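Remarks on the structure that follows.
None of these values were measured; they are calculated from a predicted model.
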Amino acid sequence: MKLLKISALAIASALSLGACDASGVTDPGGLRVGQFDGRIAGTLDARLDGQAVSGSTVSGFHDIIVLTDYARGIEVTLYHDTNEFYEGRFSIGDAVLMNRPIVAYVRLLDTGEYFDSLHGVIDLYGVRRGGISGTATFRAESDRVVGDVVDVDVSFVTDYAGNISYNLSPSFSTSGKSAPGEA
């Protein structure tokens with residue numbers, strides 16, 4: 001499946017439709033350990049599925065979830081900055097401002113472009129030694145082009161992978177972003 005970049009008008013249409021119904025995501029109870037599925041809509045439009053792992057980055061906590069769709073070249077990361085994940089519903093904050101303990105990123109594996117979360121929610125149903133099951137829905141903006149946004153809706157049952165080497169998005173301020181249409 002090919003990813004499509006679409007116009008601002010089409011984005012507005014897709015986002016308004018995407019906000020109406022999140023029923024396209026599989027309940028994590030229907031997934032095998034180490035699997036995720038979901039949808040990305042907006043500037044990028046694709047059905048997602050692939051490998052789901054969780055682990056720790058630096059502190060030894062169970063604080064990162066990495067969902068990778070190798071066929072489409074998209075990686076979704078959910079990151080807990082201050083603690084370990086535990087069961088419940090939590091806000092996903094702005095990844096540039098780091099205004100919440102949990103943030104999210106979408107990375108295009110072929111270009112290295114990141115989409116940094118703006119806001120969203122994560123529901124964690126099971127957090128055990130062997131992995132994490134849950135869902136996440138969030139909006140993210142490109143670190144390269146202001147106004148290029150995606151809505152992500154995923155379900156996952158991770159396999160615990162131990163220490164995960166992961167670099168967060170290079171976008172630490174919105175001032176480094178280009179205006180729409182600029183390269």
Side-chain angles (χ1 to χ4, degrees), residues 1 3-6 10-54 62-69 72-109 113-127 131-143 147-158 166 168-169 171:
M1 173 181 248
L3 295 177
L4 303 173
K5 285 218 172 193
I6 54 180
I11 291 171
S13 297
L15 293 178
S16 64
L17 290 174
C20 296
D21 186 13
S23 65
V25 173
T26 303
D27 177 349
L31 296 171
R32 293 184 319 271
V33 171
Q35 181 182 32
F36 89 98
D37 76 354
R39 180 118 188 111
I40 188 167
T43 300
L44 305 171
D45 188 39
R47 187 96 181 124
L48 301 173
D49 62 58
Q51 179 185 38
V53 296
S54 59
H62 209 225
D63 61 357
I64 191 166
I65 297 169
V66 181
L67 312 173
T68 309
D69 184 326
R72 290 168 191 83
I74 296 175
E75 181 177 82
V76 175
T77 303
L78 300 152
Y79 176 71
H80 199 305
D81 182 45
T82 60
N83 205 339
E84 60 187 28
F85 286 116
Y86 53 93
E87 294 175 7
R89 173 173 268 212
F90 308 96
S91 293
I92 295 173
D94 187 306
V96 174
L97 300 176
M98 294 298 283
N99 62 351
R100 298 266 187 233
I102 299 173
V103 295
Y105 303 97
V106 174
R107 180 170 63 116
L108 304 184
L109 299 175
E113 180 178 7
Y114 277 87
F115 289 78
D116 304 316
S117 63
L118 298 169
H119 55 80
V121 66
I122 183 170
D123 288 297
L124 300 176
Y125 306 117
V127 179
I132 300 171
S133 65
T135 60
T137 303
F138 64 93
R139 176 169 282 184
E141 183 175 30
S142 171
D143 69 342
D148 274 7
V149 296
V150 293
D151 286 317
V152 177
D153 196 357
V154 291
S155 235
F156 50 87
V157 178
T158 71
Y166 186 81
L168 299 178
S169 169
S171 153

Donor-acceptor under 3.5 Å (Thr43 side chain, Val150 main chain): no
Scanning both residues in full, the closest heavy-atom pair of Tyr86 with Leu124 reads O-CD1, 3.4 Å
With a 4.5 Å heavy-atom cut-off, do Thr68 and Val53 have their side chains touching? no
CD (Gln51) and CG (Asp69) are apart, to the nearest 0.5 Å, by 11.0 Å
Treating Thr158 as the side-chain partner and Ile132 as the backbone partner, does any N or O pair qualify as donor plus acceptor under 3.5 Å? yes
Nearest heavy-atom pair of Ile64 and Phe85: which atoms, and what distance? N-CE1, 3.6 Å
Using a 4.5 Å cut-off on heavy atoms from C-beta on, say whether the side chain of Phe36 contacts that of Ile65. no
Looking only at heavy atoms, the pair that brings Gly93 and Val103 closest together is O-CG1, 3.9 Å
With side chains defined as the heavy atoms from C-beta onward, is the minimum distance between Tyr105 and Asp116 less than 4.5 Å? yes
If you compare all heavy atoms of Ala136 against all heavy atoms of Ile92, which two are closest, and at what distance to 0.1 Å? CB-CD1, 4.3 Å
Mark yes or no for whether Ser133, through its side chain, and Gly126, through its backbone, hold a donor-acceptor pair below 3.5 Å. yes
Identified side chain to side chain contact (heavy atoms under 4.5 Å, CB included) counterpart of Glu75 within the set Val66, Leu67, Leu48: Val66
Kindly give the heavy-atom pair with the smallest separation between Val157 and Leu31, and that separation in Å. CG2-CB, 3.8 Å
Side chains of Asp37 and Ser155: donor-acceptor distance under 3.5 Å anywhere? no
Is the closest basic N to carboxylate O distance between Asp81 and Arg100 below 4.0 Å? no
Where Ser142 and Glu113 come nearest, the two heavy atoms and their spacing: OG-OE2, 2.5 Å
Do Asp45 and Arg39 pass the side-chain contact (heavy atoms from CB on, under 4.5 Å) test, and can you show the C-alpha distance, the side-chain angles, and the key distance before you say yes or no? CA-CA 8 Å; Asp45 188 39; Arg39 180 118 188 111; 2.7 Å; yes
Answer yes or no: is there a side-chain heavy-atom contact under 4.5 Å between Val96 and Met98? no
Rounded to the nearest 0.5 Å, the CZ atom of Phe90 sits from the CG atom of Leu78 at a distance of 12.5 Å
Between Glu141 and Gly147 (side chain of the first, backbone of the second, donor and acceptor by atom type, cut-off under 3.5 Å), is there such a pair? yes
If we ignore hydrogens and angles and just use 3.5 Å, is the side chain of Asp153 paired with the main-chain N or O of Thr137 as donor and acceptor? no
Answer whether the closest heavy-atom distance between the side chains of Phe115 and Ile40 falls below 4.5 Å. no
Heavy-atom donor-acceptor pair, Arg107 side chain to Ile74 backbone, under 3.5 Å: no
Just by distance, do the side chain of Asn99 and the backbone of Asp94 share a donor-acceptor pair under 3.5 Å? yes
State, with a plain yes or no, whether a side-chain heavy atom of Phe138 is found less than 4.5 Å away from one of Ile122. no
